[in-house]
Amino acid sequence: MTSPLLKMEKIHKWFERVHALKGVDLEANQGEVVALIGDNGAGKSTLMHILVGFIKPSEGNVYIDGKRVDIHSPSEARELGIEMVYQDTATISEMSVMENIFLDRELTKSFGPINILDKRKMREETVELTKNLGLNIGTPDQQAKFCSGGERQGIAISRAMYFNAKIVILDEPTAALSLKGTERVIQFIRELKKRGIVVVLVMHDVNLVYDIADRFIVLSLGQKIVDIEKEKTTLEELRKVLISS
Amino acid sequence: MNNKTIRLFLERIGLFALRNLVWFLFITFFFVFSVIVPAFFTLEGIHFVLYVSSCAVFLVFGQAILLISGNLDLSIAQIAGLSTILTSTLYYRWFPGQIPGFLSVIIVCLIGGLLGAFNGFLVGKLKLTSFLVTLATYFIFRWQRYYFIERTIMAKELPGIFLFSGQYEILGIKMSIFIMIVFIFLLFFLLNHIRFGKKIYAVGGGPSAATRLGINVGNTIIIAFTLSGVLAGISGMLYAGYTNAVSPDIVDGYVFLSFAGAIIGVVSMSGGRGTIGGATGGTLLIIMIDVGLMLLDMNPYIRLTLRGIFILIAILIDKSRVSLINKILLPK
């Protein structure tokens with residue numbers, strides 16, 4: 001049997017006396033959309049922040065493609081192909097769509113010992129990338145502040161796709177979005193799944209992700225209480241679990 | 001031409017004018033002063049404005065880079081003064097005749113960079129606010145100048161090369177003007193064409209987003225402060241050449257000018273926005289107005305009051321300027 005693309009094993013996290021994660025396991029296979037659900041304070045964000053190197057686990061291991069990894073920073077996570085798309089800070093408003101997609105990983109060309117930004121190439125790649133994702137953003141030089149919430153999520157997802165992310169974590173991707181924006185984000189998730197990327201959706205509302213997710217993991221007070229495939233459960237059952245937790 | 005083409009054309013002109021407003025103001029004031037001040041519109045007059053600007057612009061560049069990174073430095077003029085004073089003290093008091101003169105140019109930049117890095121460490125690593133940190137270091141650096149020298153150090157006590165760049169001429173043009181032009185290109189290149197420049201904009205435009213995208217915000221801030229310190233050191237050296245001496249109060253009080261040039265040059269106080277071209281325009285504009293009013297024999301206190309008024313006007317203009325640009329750029 002092949003090992004899962006992502007495996008988090010017996011993750012514990014203490015914040016001084018608070019035991020925020022109590023031995024949580026999480027696995028995801030290629031192209032799988034996993035919904036990580038739970039109320040505020042359940043430990044969803046802590047678990048994902050461990051995965052992207054923001055915080056260190058007190059105990060436990062993380063495996064990518066079967067290999068144990070220690071992730072100390074978001075840049076290390078990115079090198080391993082893990083990208084997180086935040087709902088509120090997906091982009092930098094004053095920067096252009098192109099600058100946002102390539103930020104800190106700009107394409108360069110060598111000019112003697114100096115690496116100069118290859119703006120032409122980045123523009124071309126942005127046009128291509130946004131076109132493939134069905135993202136209608138005008139020009140690559142358009143500032144992100146003129147994009148809608150859904151489009152901003154799209155920019156961040158384009159970033160993950162361009163740099164061949166293996167795992168994309170979306171933090172409350174549909175919160176504060178209009179119906180149209182939500183529909184667009186769902187299309188983006190489908191596109192990621194089609195490309196074999198693991199998508200982890202961090203949500204507190206199961207209704208919004210039921211259609212798109214393949215598996216549901218419910219956390220409550222730092223513990224995993226449910227880990228079930230979609231075929232084996234119903235929306236009603238999941239709702240009940242969430243309410244009782 | 002149909003209506004859409006005309007509208008697009010007008011929008012482009014509008015955007016160009018709004019983005020280069022500082023240069024339009026510069027040209028306007030240039031003509032006004034040329035008409036009302038007889039000595040202004042001469043080669044000497046223009047050369048003098050450029051000469052004074054070339055010493056001041058380095059402080060403005062230093063401040064502009066920090067403002068773009070979402071920080072500020074109240075101690076920038078003190079860094080310029082203290083690095084110049086420490087370099088001079090090395091030569092005339094501590095190691096007279098023992099250090100090769102050409103090293104003075106490197107030493108002043110190093111000291112400026114170290115003082116800047118000290119501020120940067122406190123802001124970038126210890127996460128203290130730049131306003132409070134640099135307010136404290138303003139006093140520390142300011143009073144240290146008077147501790148190190150009690151009298152003005154004259155040109156003959158200093159290595160010639162230290163004053164060279166701020167004093168000598170090539171084809172009748174002050175060398176500092178050439179240095180200013182070189183640095184305009186260098187800093188423009190740094191901010192727009194290499195990765196580090198983009199990091200400065202990202203850190204200023206959205207520090208949390210930048211952190212989450214893997215940018216080391218603390219290190220970027222330290223480097224920005226260090227660079228700003230080096231630029232302040234260069235400014236101090238050019239002022240030493242300009243005054244042909246190093247006095248305890250050299251460049252003291254120029255912090256206001258560093259903010260004025262940057263803000264008039266539409267560098268945003270909230271970070272993430274601003275250009276080296278704008279900062280240059282802002283400096284030239286403010287120095288030109290200053291020189292023009294000086295030639296008109298205006299009372300210095302009124303001149304300084306007017307500087308404050310110009311900044312207020314610049315902030316008000318910038319506010320409407322940004323909303324007008326946004327209106328034009330908003331996708332229809």
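All chains are named by letter (A, B, ...) in the order of the sequence lines, taking the proteins before the strands, and each is independently numbered beginning at 1.
- Proximity to chain B (any heavy atom under 4.5 Å) is restricted, for A:Leu103, to the side chain, taken from C-beta onward.
- In this structure, no portion of A:Met84 lies under 4.5 Å from any heavy atom of chain B.
- By the 4.5 Å heavy-atom criterion applied to side chains, A:Asn115 and B:Arg195 are not counted as neighbours.
- Going from atom NZ of B:Lys198 over to atom CZ of A:Phe102 covers 13.0 Å, rounded to the nearest 0.5 Å.
- Only the side chain of A:Gln143 comes within contact range of chain B, judged by heavy atoms closer than 4.5 Å.
- Annotation: the span from B:Ile194 atom CD1 to A:Leu117 atom CG amounts to 8.0 Å, rounded to 0.5 Å.
- Only the backbone of A:Arg105 has a heavy atom closer than 4.5 Å to any heavy atom of chain B.
- Put simply, the side chain of B:His193 does not reach to within 4.5 Å of the side chain of A:Ile114, judged on heavy atoms.
- Listed options A:Met95, A:Glu94, A:Glu106 were ranked by heavy-atom pairs under 4.5 angstrom with chain B; first place goes to A:Glu106.
- Using a 4.5 Å cut-off between heavy atoms, B:Thr211 contacts chain A through both its backbone and its side chain.
- Rounded to the nearest 0.5 Å, atoms CD (A:Glu83) and CZ (B:Arg212) are 14.0 Å apart.
- Looking at B:Asn326 and A:Lys145, their side chains do bring a donor and an acceptor atom within 3.5 Å of each other.
- Taking 4.5 Å as the limit, some side-chain heavy atom of B:Asn192 sits within range of a side-chain heavy atom of A:Lys119.
- Heavy atoms from other residues, nucleotides or ligands lying under 6.0 Å from CZ of B:Phe118 number 12 at most.
- In this structure, chain A has no heavy atom under 4.5 Å from any part of B:Phe196.
- Neither the backbone nor the side chain of B:Asn216 has a heavy atom closer than 4.5 Å to any heavy atom of chain A.
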